[in-house]
Every structure is written in structure tokens, then in C-alpha cells.
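Sequence positions, counted from 1, serve as the residue numbers for this chain. As the structure lists them, so they are numbered: ligands from 1, and atoms in each ligand from 1.
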Amino acid sequence: MTVRVNQFFDWKQQGRPVAVLTAWDFMSGRIADQAGADIVLVGDSLAMVALGYETTLPLTFEEMLHHAKAARRGVDQALFVVDLPFLSYQVDISGAMRSAGRMLKEAGAQAVKVEGGYLRMAQTIEALVESGIPVMGHVGLTPQSVNLIGGFRKQGKSPEAADRILQEAIAIEKAGAFSIVLEHIPAELAKTITETLTITTIGIGAGQHCDGQVLVTADVLGLSDWQPPFAKRYVDLQEAGVDAARQFCEDVRSQAFPL
Ligand code: KIV
């Protein structure tokens with residue numbers, strides 16, 4: 001079954017949890033899709049996990065487009081969502097429309113994800129949705145604002161900060177987004193947001209009360225050097241990969257390969 005954006009409203013009502021995995025190329029897209037993810041997200045975390053940047057900020061639109069096109073070729077069943085990179089949608093609404101439109105036209109995205117809330121971003125989301133572009137919001141820890149928030153830290157810890165995030169989430173829903181990522185916020189806050197909104201909340205480091213969960217596939221597969229405390233490593237492919245590659249090097253030197 002191919003996943004479509006309208007299914008998420010039914011799934012929320014039915015209490016059917018949504019599984020989301022990230023991808024950054026053909027192979028990771030295929031792994032996430034074959035694993036049965038409901039959404040494959042080409043997250044801008046690819047800047048760090050696939051390109052070796054320290055943050056998501058240096059990632060260019062063209063780099064993102066290139067990776068999204070590759071991931072698209074590996075995805076048949078899941079809804080295919082692509083992050084808009086830093087500064088490709090924040091300057092003005094027409095810039096956001098152009099960036100989102102290119103992701104749909106050139107990379108086959110079925111929706112785009114944008115970070116941040118409140119009035120300005122809500123207006124952008126509204127314009128995108130009015131043009132037929134489904135949008136996923138993202139509040140809490142928004143990595144594109146790492147310099148403003150002083151690191152990759154948990155957000156919404158004080159009552160004022162929690163209320164601000166709740167209001168942002170409400171504004172994003174009102175603007176027409178079909179779902180929203182809640183990153184690294186207290187579980188109780190994520191529960192309140194999930195109960196308040198009719199759209200699907202996707203948590204990462206936001207506890208168990210969200211409508212769905214997302215993890216960065218490189219963390220799931222144990223491919224990243226560093227991973228956040230809330231991630232779960234299901235297998236250590238980096239260690240297995242280095243062992244296999246080392247074995248190959250040794251076999252070549254000892255002439256055990258080829259036979
Ligand atoms: O960039 C990304 O991978 C993300 C997910 C962690 C939600 O935004």
C-alpha cells in the first residue's frame with residue numbers, strides 16, 4: 001500500500017502509531033522503505049551523517065536536492081518527505097515556494113518539512129499548503145537554530161518555553177500542516193501537544209505519547225560516530241563494516257583473495 005498524507009488523520013483517530021525513518025541516498029531510502037516505514041524523510045541531518053558537516057547549516061539546496069533525488073529512487077511505498085535546508089525557505093514566502101516546488105518537481109517529494117513555528121513560519125506554511133504542497137512542521141529542538149539555542153539541547157523545560165512550543169504547534173496546525181515533528185522536549189509537553197492537535201505528532205526524544213516516532217537511520221544502523229542520548233542503535237554496522245573491510249585488506253595482502 002502506498003502511503004498518502006490523508007491517511008495520517010485516520011491513523012491518529014485509530015491510535016495506529018506512525019514509524020518514520022530518514023534516508024540520504026538510494027540505499028538508505030531502500031532500506032527504510034523495505035523495512036516498512038510509513039514516511040521516509042530525507043532529513044537535513046544528512047549534512048552531518050552523510051556529508052560530515054558539524055551542523056545542518058552549511059547544507060546547500062543543491063546538495064539536498066541531489067541526495068533527495070537519489071533517495072527517491074529507493075522509495076516505493078512510504079510517503080516521501082524532504083527537509084528544506086537552512087535559508088532556502090526563511091527569507092521570504094516566494095523563496096520558500098520556489099524551494100518547496102523544486103523538491104516536488106525535481107526530487108519527487110510528496111511533502112516538505114520546515115523548522116520553526118509562530119506567525120512568520122505559519123504564513124509560509126499556509127502559502128505552501130494553499131499551493132498544493134503538503135507540509136510537515138518541526139518544533140522543539142530545531143537544529144537549524146542551533147546557534148540561537150546554544151547547542152543541541154532539550155527545549156521547553158520552563159513553563160514559559162513549554163507554552164511557546166505548544167502555541168507554535170497550534171499555529172502550525174492552523175496553517176494547514178498535516179503533521180509535526182516534536183524534537184527533544186519533555187514527554188509531558190509532547191503529550192499535551194499530541195492531545196491538543198488533530199494532526200499527527202512525530203516524536204524524537206519526546207517520549208512515548210506522540211502519534212509516531214522518527215529516528216535517523218544512521219543511528220538505527222549504528223553508522224554514526226555520535227548519536228543523541230534518545231536514539232536507539234539496533235545494530236552496529238560501522239564496527240561490522242570496518243571488520244569486513246579490514247578482512248578484505250588482509251586477504252589481499254596475504255593473497256587469500258581472490259582464490
Ligand atoms: O533532519 C532530520 O533527520 C530530522 C529528523 C530527526 C526529524 O529532522
Residue pair Thr194 / Asp211, side-chain donor-acceptor N/O under 3.5 Å:
no

Is the shortest side-chain heavy-atom distance between Ile204 and Leu182 below 4.5 Å?
no

Step by step, work out the side chain to side chain donor-acceptor pair (under 3.5 Å) result for Asp10 and Gln14.
CA-CA 6 Å; Asp10 295 340; Gln14 293 158 8; 5.3 Å; no

Pick out the protein N or O atoms lying less than 3.5 Å from any N or O of ligand 1, and list each pair with its distance.
from     : atom 1 : to     : atom 2 : distance (Å)
ligand 1 : 1 (O)  : Asp44  : N      : 3.1
ligand 1 : 1 (O)  : Asp44  : OD1    : 3.1
ligand 1 : 1 (O)  : Ser45  : N      : 2.9
ligand 1 : 1 (O)  : Ser45  : OG     : 3.4
ligand 1 : 1 (O)  : Asp83  : OD2    : 3.2
ligand 1 : 3 (O)  : Ser45  : OG     : 2.5
ligand 1 : 8 (O)  : Lys113 : NZ     : 2.8

Can Glu183 and Gln155 be counted as having a side-chain donor-acceptor contact under 3.5 angstrom?
no

Does anything in residues 135-155 pair up under salt bridge (charged side-chain N to carboxylate O under 4.0 Å, His left out), and if so which pairs, sequence neighbours excluded?
none

Step through it carefully: locate the ring centre of His184, locate the ring centre of Phe230, and say whether they are under 6.0 Å apart.
yes

